[in-house]
Amino acid sequence: MDTMWSFMDILILACGVYALYSAYVLKAQGKIVQTFLLAKDTKPESCKDLPAYASEMSPRLSAMGGVMVAYGVVSLINTYLVEVNSLYWVLMIVMFGCLVWYAIMAKRASAKYF
């Protein structure tokens, strides 16, 4: 059971790093990485205003990625080094709240710009 949770922690950490990378690509290069930003059937080329979309979604994606990275790191520390259960549970709640918040914001931005 611990191995499965450790795998999930590493997966969340990796997704957080990828979200931070996607936010960087969106802000710096103006390219949409479809994994985190768009629904499967939405084409990145159909964006009505890419600079506005990038300035709106890049900070939100960075925030979500940062929370996911923080949760992954704290969870791995909790599992392998030192028990920090209270911080672990707080970050778990914050991460799930951030995921819900991000999903709502991404859906609104998608409706606005696509």
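Each residue takes its place number in the sequence, starting with 1.
For Lys107, there are no salt bridge (charged side-chain N to carboxylate O under 4.0 Å, His left out) partners at least two apart in sequence or on another chain.
Note: Gln34 CD to Thr42 OG1 = 7.0 Å, rounded to the nearest 0.5 Å. The NZ atom of Lys112 sits 11.5 Å away from atom OH of Tyr53, with the distance rounded to the nearest 0.5 Å.
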Q. Passes side chain to side chain contact (heavy atoms under 4.5 Å, CB included), Leu99 versus Met68? Steps please.
A. CA-CA 9 Å; Leu99 289 173; Met68 290 174 77; 4.2 Å; yes
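Closest of all the heavy-atom pairs between Gly16 and Val69 is C-CG2, 3.5 Å. Nearest heavy-atom pair, Tyr80 versus Ser6, reported as atom, atom and distance to 0.1 Å: OH-OG, 2.7 Å. The minimum heavy-atom distance linking Leu37 with Tyr102 is given by the pair CD2-OH, 3.1 Å. Closest non-hydrogen pair, Ser75 versus Tyr88, comes out as OG-CE1, 3.3 Å. Closest heavy-atom contact between Val67 and Met95: CG1-CA, 3.6 Å. When all heavy atoms of Glu83 and Asn78 are compared, the pair lying nearest together is CA-OD1, 3.3 Å.
Summarising the local packing, OH of Tyr21 is surrounded by 12 or fewer heavy atoms from other residues, nucleotides or ligands at distances under 6.0 Å.
The side-chain heavy atoms of Thr79 and Trp5, taken from C-beta on, include no pair separated by under 4.5 Å. A heavy-atom distance below 4.5 Å is not found between the side chains of Leu26 and Val33. The shortest side-chain heavy-atom distance between Tyr71 and Asp9 falls under the 4.5 Å cut-off.
With hydrophobic clusters built from ILVMFWY side chains whose heavy atoms lie under 4.5 angstrom apart, Val74 shares a cluster with Met92. In the hydrophobic clustering of this structure, Leu91 groups with Trp101; members are Ile, Leu, Val, Met, Phe, Trp, Tyr whose side-chain heavy atoms approach within less than 4.5 Å, directly or through other members.
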Kindly list each side-chain donor-acceptor pair under 3.5 angstrom involving residues 56-66, sequence neighbours excluded, with atom names and distances?
{"unit_1": "Glu56", "atom_1": "OE1", "unit_2": "Tyr113", "atom_2": "OH", "d": "2.9"}
{"unit_1": "Glu56", "atom_1": "OE2", "unit_2": "Arg60", "atom_2": "NH1", "d": "3.3"}
{"unit_1": "Ser58", "atom_1": "OG", "unit_2": "Ala23", "atom_2": "O", "d": "3.2"}
{"unit_1": "Ser62", "atom_1": "OG", "unit_2": "Ser58", "atom_2": "O", "d": "3.0"}

